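Notes for the one structure printed next.
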There are 2 protein chains.
Amino acid sequence: MTGTLTRAEQKQQTRNNIMAAALKKMSDDKGFSSLGLREVTKEAGIAPASFYRHFANMEELGLALVSEAEEALQAILQDAKALEEKGEDIVESSVQVCMEHFRENGALFRVLAREATGNSPLIRRAIQRCLMTLNHQLAEIIELEMRRRHRKITNPLYMAEAISTLVFNLGIASADLPYAKQKEVEKRLAHHIRIIYWGAEAMANSQHLSRNLMLS
Amino acid sequence: MTGTLTRAEQKQQTRNNIMAAALKKMSDDKGFSSLGLREVTKEAGIAPASFYRHFANMEELGLALVSEAEEALQAILQDAKALEEKGEDIVESSVQVCMEHFRENGALFRVLAREATGNSPLIRRAIQRCLMTLNHQLAEIIELEMRRRHRKITNPLYMAEAISTLVFNLGIASADLPYAKQKEVEKRLAHHIRIIYWGAEAMANSQHLSRNLMLS
DNA sequence: TATTTCAGCAAACAAGTGTTTGCCAATATA
DNA sequence: TATATTGGCAAACACTTGTTTGCTGAAATA
């Protein structure tokens with residue numbers, strides 16, 4: 001009838017408001033665990049009690065934020081995959097894309113990083129699962145790329161784990177640093193990844209070479 | 001005179017009790033940020049008010065724990081250095097030593113990992129500094145080892161950063177996993193590190209090689 | 001021995017917390 | 001239009017939080 005929103009849409013919107021409020025509050029330095037319900041509802045412009053029309057408790061808010069971050073991570077991966085299919089240099093550009101996403105909504109990823117070692121076991125498990133599936137997807141991309149380039153490597157999943165751990169931890173830790181420092185981290189990350197590529201390849205090839213060349 | 005402790009010793013002891021109590025409370029799942037003063041003092045067997053005879057506030061307790069963890073990290077590094085000087089395979093044994101330390105006092109390192117992305121900026125900075133000096137020390141060890149083996153690599157500090165990030169994050173995350181899983185992580189970590197060694201060496205050699213090729 | 005020092009304590013304080021209740025008014029449904 | 005639904009709210013509940021105050025009794029000092 002009117003140009004206003006339907007009831008369900010309204011509800012969805014204030015739900016979004018709550019999540020946005022939580023993120024904003026976390027932007028100025030604190031983690032999710034030290035985030036008060038009243039703080040969030042105040043920022044969202046609703047009464048404390050109204051919170052419970054949208055989430056059963058604070059932990060559920062945390063899980064919702066995690067799954068939002070999960071979607072954002074998936075988006076990053078899709079971008080990386082697109083780059084891979086275009087045949088561009090995946091290392092440099094992927095790191096750039098990734099850091100760009102981190103910058104764009106840094107608070108969201110900081111939730112992931114913080115709560116990965118945070119207080120709620122439930123949330124911790126959720127994040128662990130999320131990162132694990134991410135690793136598998138990344139491994140698949142790496143394998144595809146390697147096949148396309150007729151390279152062989154030892155273990156794409158291991159590579160994925162190392163790369164994602166580095167990008168995730170170093171990247172997010174630098175998200176609130178000045179821009180110049182961020183660019184420096186970008187360079188270091190690209191270097192790390194390239195080293196891992198070299199290493200994986202060298203190790204795979206060494207299995208067909210004489211052992212005494214590089215004895216570990 | 002008597003067999004009892006002097007006053008200063010007593011004070012030091014209850015200070016230790018407080019820190020131990022905080023660690024114990026954190027062992028069963030929670031982070032430092034969600035740790036209550038009353039919780040700690042109760043565990044330590046003192047009144048809440050007595051806490052302030054030893055620390056100005058909770059944040060100072062956190063800093064004290066960080067510096068204790070720092071000492072423990074230094075101990076790990078000394079062990080690694082000793083292994084290097086003995087000429088043992090540094091990768092496998094270092095990872096083992098490291099994980100052993102993680103297991104031994106896991107709660108302490110979990111503080112480091114959690115508060116590295118935690119709520120107190122003061123504590124965060126302290127941890128960042130700690131990890132940075134650690135990287136420099138590790139880089140020095142790596143450089144020494146490489147020189148001893150007559151290998152050349154690109155950048156020991158980069159290697160150190162990658163290795164410490166991986167060991168720290170993957171290692172600590174697995175500290176509360178079942179033993180079998182821990183051993184698996186140990187294997188993966190050793191693999192990661194070895195890959196990085198291979199990669200750094202391969203990259204250094206390729207630079208040398210391509211330069212020579214261009215000359216000819 | 002007399003005096004000072006000070007770790008430890010109970011109690012109170014001012015704010016904070018998450019959550020529940022009962023009600024209202026606007027929307028959706030019949 | 002009448003009825004049922006439900007998002008939002010003020011207020012209260014039952015805690016828990018970090019911190020301060022003034023005191024006590026034992027150890028250290030003179």
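Chain A is the first sequence line, chain B the second, and so forth, proteins listed ahead of strands; every chain is numbered from 1. For clarity, every value in this text was computed on a predicted model and none was experimentally measured.
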Distance check: side-chain N/O of [X] vs OP1/OP2 of [N], anything under 4.0 Å?
X       : N      : value
B:Thr6  : D:dA28 : yes
B:Ser50 : C:dA7  : no
A:Thr14 : D:dG8  : yes

Identify which nucleotide among [options] has an atom closest to any side-chain atom of [X], counting heavy atoms from C-beta outward.
X       : options                : result
A:Arg53 : C:dC23, C:dA26, C:dT21 : C:dC23
B:Arg7  : D:dA26, C:dG8, D:dT17  : D:dA26
B:Ala49 : C:dC9, C:dC6, C:dG18   : C:dC9
A:Leu37 : C:dT19, D:dT17, D:dG7  : C:dT19

query = When you match B:Gln10 and A:Pro48 each to their closest nucleotide on DNA chain C, which lands nearer the 5' end?
reply =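 It is B:Gln10, whose closest nucleotide lies nearer the 5' terminus.
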inquiry  = By nearest heavy atom, map A:Ala56 and B:Ala47 onto DNA chain C; which one lands nearer the 5' end?
reply    = B:Ala47
Tell me: [atom1] of [X] to [atom2] of [N], nearest whole Å?
X       : N      : atom1 : atom2 : value
B:Asn16 : C:dA7  : CG    : C1'   : 15 Å
A:Ile18 : D:dG8  : CD1   : P     : 7 Å
A:Tyr52 : D:dT6  : OH    : C1'   : 18 Å
B:Gln12 : C:dA7  : CD    : P     : 12 Å
B:Lys25 : D:dT17 : NZ    : P     : 11 Å
B:His54 : C:dC6  : NE2   : C1'   : 11 Å
A:Asn57 : C:dT17 : CG    : C1'   : 14 Å
B:Met58 : D:dT16 : CE    : C1'   : 13 Å

Sugar-phosphate, base or nothing in reach of A:Phe51, heavy atoms under 4.0 Å =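 Nothing, no nucleic acid heavy atom in range.
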note = Judged by nearest nucleotide, the residue sitting upstream toward the 5' end of DNA chain D, A:Gly45 or B:Glu39, is A:Gly45
key: Side chain A:Arg38 and base C:dG18 donor-acceptor under 3.5 Å   =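 Pair found.
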query = Taking everything shown except A:Lys181 itself, do over 12 heavy atoms lie less than 6.0 Å from its NZ?
reply =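 Open: at most 12 neighbouring heavy atoms sit under 6.0 Å from NZ of A:Lys181.
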Neighbour count above 12 (heavy atom, 6.0 Å) for A:Glu84 CD =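 Counting neighbours around CD of A:Glu84, more than 12 heavy atoms of other residues, nucleotides or ligands fall under 6.0 Å, so yes.
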inquiry  = Under a 4.0 Å threshold between the charged nitrogen and the carboxylate oxygen, would B:Glu43 count as salt-bridged to B:Lys25?
reply    = yes
key: NZ/NE/NH1/NH2 to OD/OE distance under 4.0 Å, B:Glu85 and B:Lys81   =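 Result for this pair is no, no salt bridge flagged.
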request  = For B:Gln12 and B:Asn16, run side chain to side chain donor-acceptor pair (under 3.5 Å): C-alpha distance rounded to whole Å, both residues' side-chain angles, the deciding distance at 0.1 Å, then the answer.
outcome  = CA-CA 6 Å; B:Gln12 182 60 42; B:Asn16 291 343; 3.2 Å; yes
